[in-house]
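First comes the structure, then the notes that go with it.
Here is how names work: the chains are called A, B, and so on, in the same order as the sequence lines, proteins then strands, and each is numbered from 1.
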Amino acid sequence: MITFARQFQKEAARITRDLQHRLLIQRALKKYETACDAEKSKFQSWEGARQSAAEIKWDAVNHLDAYLTEFAHKIEARGTKVHWAGAAEQAREIILRIVCEKNARSIIKSKVMTGEEIHLNEALEKAGYDVVESDLGEYIVQLRHEAPYHFVFPAMHLSRGEISDLFRRELGTVPTDSTEELTMIVRRVMRSKYITADIGISGANFAIAETGMISITENEGNARLTCALPKVHIALLGIEKVLPRLEDLALFLPMLATAGAGQSLTCYNSLYGGPRRPGESDGPEEFHVVLLDNKRTHLLADAEQRDALHCIRCGACLNVCPIYKNIGGHAYGTTYQGPIGSVITPHLRGLQDWKHLSGASSLCGACTEVCPVKIDIHHHLLQNRRKTIAEKPVWLEKLGFRLFAFVINRPALYALAKPVARFGQAFHPLIQGTRLDPARTWTQSRELPKIAPQTFKEYWRTRK
Amino acid sequence: MNGREAILGRIREALTVATPAPGTPSHDGDRAAVQSHLEISDWLPAVDESFDGMSALFRANSAELRTDFFLLNNPEELVLELTALRDAQG
């Protein structure tokens, strides 16, 4: 069986060699960077805003029981049915039960990352339902039978030409290089889907405890139609999405837009608090909110890394990560990619199976620097490494370090090791990259650093 | 135990260990103390308090979003503008 780590190494090595792919991603991210910097400069103090956002999320996460109870109580009072799902399987069962009870056939979704996390589309399709993604990028990756490439830009790895070819193949449209025309193609497809869909499934960017509402922020208007047109609306969200007060959105909506897309504010910002009330002309007849734990409480119990639950899924850490920029989103094999994904995935899906992700970091700290809610991401990667070893030590590594400690603590032995190493290195090219090479993992794609011809002590002696 | 009680129980158990608030060295989880210095408007992009200032900013932001912004003085102007838009757009 191929492990997640092996799959990651294989895919990362393949994609890193694809220079066209790298160029496409880096060009897209450069545009984002310029727009993001311009938007940040409009803030009176971006740093002050980050501090406030971190404090609000700290308050929300550290009083999660109280705020979740308040949110559920208030949204239920307006006729919404709140479901509590402990695990992915339970969340799928709840949603499938609602869909089945309503005799639904057609389901439309707006962007739902928690849906990806619980493999909702697969479950719905397996049960025979027609599921369509309404977000442009999500629809494109759905047509390609791929996972989203990025939190915010799910199809950023594709050129206009590739998207045009895909539409020609799948939808029978005329090839075009115009972004507007490509958008219009999807809009035409979606129009009938919105009208015929029995169920609309959305995520939520925030859940407001004070008012019992979910907040959705988007640029295409698709979430608004997904939530308003079908008779039944299901919102699936993680328990950490809660914010204490409505006024907190005044800070979080512009910060999410700035950090996520380099915008002042996204084009559509909506609040949903319940089903259609008597006298109202639109909105769903039924509104369900599914609150998902799925091991978030494991992360909550880890006081050292609890702040990883502050994440608002803006994707800013992905955009600056030198690893993400080179290996892209699919190589991770996870719902949440990049630095924050590498922090939370081992907690959500098993530390030993996903420990390799914390190694896929240069620990440069760029992710921590840009995080709008000040999550100490790169230190959390180090903590994951430490926890992995503490939980299940690697005997070879342990032996290596013991040997190193043994040698380094004995000056005579250390002095002897130096000429031996220099001698050995002279013959290293003969075995480089072969199975006999003890450093082959490193030397497959890099040069082994040369041992200096002189130690500092030797240099100091000759200096006189 | 239902799903709600199970999740809230796990949350309460997890929160028995406090974490320090961002930027504070103590482990004191007092909400009021943490929020006392929050002034969101101090950080956000500045907005002129005058009507002219606000409408100018609205116009600039609208232009950025490629939206046409009309500032009208009275209902009659609104009728004229809507009629013109209807005629132009079909």
CA sep, side-chain torsions, deciding dist, call: His63(A), Leu15(B), side-chain contact (heavy atoms from CB on, under 4.5 Å): CA-CA 8 Å; His63(A) 303 92; Leu15(B) 292 177; 5.8 Å; no
Spacing of CD belonging to Gln305(A) relative to OG1 belonging to Thr19(B), to within rounding of 0.5 Å: 12.5 Å
Interatomic spacing from OG1 in Thr69(A) to CZ in Arg4(B) - rounded to 0.5 Å: 5.5 Å
Side chain, backbone, both or neither of Ser41(B) within contact of chain A (heavy atoms, under 4.5 Å): backbone
Side chain, backbone, both or neither of Asp42(B) within contact of chain A (heavy atoms, under 4.5 Å): backbone
Chain B contact via Val61(A) - which portion, at a heavy-atom distance below 4.5 Å: backbone
Trp43(B) side-chain N/O to Arg50(A) backbone N/O, donor-acceptor pair under 3.5 Å: no
Portion of Ala6(B) that has a non-hydrogen atom of chain A nearer than 4.5 angstrom: neither
Heavy-atom pairs under 4.5 Å with chain A, option from Glu5(B), Glu13(B), Glu64(B) with the top count: Glu64(B)
Proximal component of Leu68(A), with respect to chain B [non-hydrogen, under 4.5 Å]: side chain
Minimum-distance pair of heavy atoms, taken over all atoms of Ala18(B) and Ala303(A): O-CB, 4.4 Å
Region of Leu299(A) in contact with chain B, defined by heavy-atom distances below 4.5 Å: neither
